Amino acid sequence: MTKTSISPAALRDILSSGLMSFPLTDFDDNGDFNPAGYRARLEWLMPYGATVLFAPGGTGEVFSLTIPEHEDVVRVAVDTCGSHTPVIAGAGYGTRMAIEMAQNAEKAGAAGILLMPHYLTETSMRGIKAHVEAVCRSVEIGVIVYNRNVCRLDADAMEELVDRNPNLIGFKDGVGDIEAVGAIRSRLGDRVSYLGGLPTAEIFAEAYNAAGFPVYSSAVFNFIPRTAQEFYAAVRSGDSATTSRLLRDFFFPYIAIRNRSAGYAVSIVKAGAHVVGHSAGAVRPPLPPCTDQDLKELSVLIEKLGAQ
């Protein structure tokens, strides 16, 4: 068992600044987890200075992994990067499975858990709170709840959960209701860290920054890490000339490709990694791979950005 030295309070502070990364998960030609390729990917990205690694997260296809694969991904990430970059492991599905994933990640040395929305089933706010609390109480490491899809917490629920669970130290929003997240930010202040979590977070980064969500996780960091850091620095410094240029020249054309197919939020990131010579293999079904035309257009966009 490898135990992290990062307390929940320390992780909350780390999560309050810097750009965060969701590394892709490498699969081989048979679609199996490729630990050597994954380790090489993390080693390539390390010098670009992500504050935290979410491994595996949504971009890392956590939803397609078996329990043993999930544990292997976390262990490789911790072994490769954990001595200097905190690793936060995604966990989700039903409550018992989420607890198993969270506890395995804690044993592997993860510094925290990103609690993904529970699988499929709609429930009441009371049910969501019970789910989040059960996972928080199953581990000692910090937990960030991902407000998205069927898991939508209001200010009252978040305050109650934080009061009852000292290791609930983060709120990541993937809904985009600025009024709602502003209410949570106003109610809880600095008791938790706040992360933007909409797909292609750069599109919304300036609005979230203004709402008191100073950090976000960047999927494009997987293939254009220099540009991802340049954009983040511009958001934080108020350099609207740089953000406007990059939105116009890359991000808006990029999301036009991404929006052509459901599932492309992950597929296009794997395509980008392939374009820059750091292929992570194919996405797993049911995600669709990018078409040849989409790949060609993406290559043109990436080339215009210059060396990374």
Side-chain angles (χ1 to χ4, degrees), residues 1-18 20 22 51-58 62 67 70-71 73-75 77-78 81-82 85-118 125-148 151-174 181 184-185 187-197 212-215 217:
M1 177 176 176
T2 304
K3 189 171 183 179
T4 181
S5 61
I6 302 173
S7 69
L11 183 62
R12 180 194 62 214
D13 292 343
I14 291 168
L15 287 166
S16 296
S17 63
M20 298 165 195
F22 274 78
T51 306
V52 161
L53 297 179
F54 291 89
V62 61
I67 292 285
H70 174 270
E71 190 172 3
V73 170
V74 176
R75 185 174 292 108
V78 170
C81 304
T85 305
V87 173
I88 297 176
Y93 302 103
T95 304
R96 292 195 176 192
M97 187 177 292
I99 287 172
E100 184 176 0
M101 296 171 84
Q103 291 178 336
N104 287 346
E106 183 176 39
K107 291 175 185 176
I113 300 299
L114 176 64
L115 183 56
M116 312 291 281
H118 54 277
M125 190 68 69
R126 181 162 52 94
I128 294 172
K129 288 190 295 184
H131 172 72
V132 173
E133 183 159 329
V135 176
C136 286
R137 293 190 173 190
S138 74
V139 293
E140 296 179 2
I141 55 179
V143 176
I144 302 108
V145 65
Y146 198 172
N147 193 63
R148 182 173 178 174
C151 178
R152 298 192 180 200
L153 293 157
D154 59 24
D156 289 341
M158 271 301 296
E159 184 174 36
E160 181 181 343
L161 283 166
V162 171
D163 284 345
R164 292 168 58 88
N165 301 279
N167 64 331
L168 180 56
I169 51 84
F171 177 83
K172 180 179 173 70
D173 183 65
V181 299
I184 290 171
R185 181 74 177 81
R187 181 81 64 88
L188 290 174
D190 62 3
R191 295 177 65 189
V192 299
S193 58
Y194 302 92
L195 296 77
F213 281 55
V215 299
S217 51

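Heavy atoms only: backbone and side chains are in, while hydrogens, waters and symmetry mates are out. Keep in mind the model is a prediction, meaning the values are calculated, not measured.
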Can you measure from [atom1] ([X]) to [atom2] ([Y]) and round to the nearest 0.5 angstrom?
X	Y	atom1	atom2	answer
R185	Y194	CZ	OH	5.0 Å
F22	S217	CZ	OG	4.0 Å
L153	I184	CG	CD1	7.0 Å
I141	I88	CD1	CD1	9.0 Å
L114	M116	CG	CE	5.5 Å

Query raised in the report: Is there a side-chain contact between I113 and E106 (heavy atoms, below 4.5 Å)?
Result: no
[X]: side-chain contact (heavy atoms from CB on, under 4.5 Å) partners, not counting sequence neighbours:
X	value
D163	E159, R191
S7	A9, A10
V215	M20, L195, Y232
V87	A55, A77, V78

Query - side-chain contact (heavy atoms from CB on, under 4.5 Å), paired with L11, selected from V143, I6, T4 - result: I6
For a quick test of reading the model, state the closest non-hydrogen atom pair linking [X] to [Y] and the distance between them.
X	Y	answer
A110	A89	CB-CB, 4.3 Å
V62	G90	CG2-O, 4.1 Å
C136	N167	O-ND2, 2.9 Å

Identify, with sequence neighbours excluded, every residue that meets salt bridge (charged side-chain N to carboxylate O under 4.0 Å, His left out) alongside [X].
X	value
R137	E133
D13	none
R75	E71, D72

Query raised in the report: Going through the checks in order, is the side-chain contact (heavy atoms from CB on, under 4.5 Å) test met by M158 and V162?
Result: CA-CA 6 Å; M158 271 301 296; V162 171; 4.0 Å; yes
Query raised in the report: Is any side-chain N of the basic residue among E140 and K3 closer than 4.0 Å to the acidic one's carboxylate O?
Result: yes
Query - Salt-bridge present (R12, D190; N to O < 4.0 Å) - result: no
Report task. Using modelled atom types only, decide if a donor and an acceptor are shared between the side chain of D154 and the backbone of A157 within a distance under 3.5 Å. Result -> yes
Query raised in the report: Do any N or O atoms from the side chain of H118 and from the backbone of V132 form a donor-acceptor pair under 3.5 angstrom?
Result: no
Requested in this report: Write out all pairs satisfying side-chain hydrogen bond (donor to acceptor under 3.5 Å, both in side chains) with one or both partners inside residues 88-99, taking only residues at least two apart or from two chains.
Outcome: T95-H131
Query - side-chain contact (heavy atoms from CB on, under 4.5 Å) between I169 and I144, worked out - result: CA-CA 6 Å; I169 51 84; I144 302 108; 4.1 Å; yes
**Report entry** For F171, all residues meeting ring-ring contact (aromatic ring centres under 6.0 Å, His included), sequence neighbours excluded
**Finding:** none
Report task. Report the residues that fulfil side chain to side chain donor-acceptor pair (under 3.5 Å) with R148, sequence neighbours left out, ordered by chain and then residue number. Result -> Y146
Report task. Just jot down the side chain to side chain donor-acceptor pair (under 3.5 Å) partners of D173, sequence neighbours excluded, or say none. Result -> N147, Y208
Side-chain donor-acceptor distances from residues 97-105 under 3.5 Å, at least two apart:
unit_1, atom_1, unit_2, atom_2, d
Q103, NE2, S138, O, 3.2
N104, ND2, E100, O, 3.3

Requested in this report: Would you tell me whether S193 and K172 have side-chain atoms, one donor and one acceptor, within less than 3.5 Å of each other?
Outcome: no
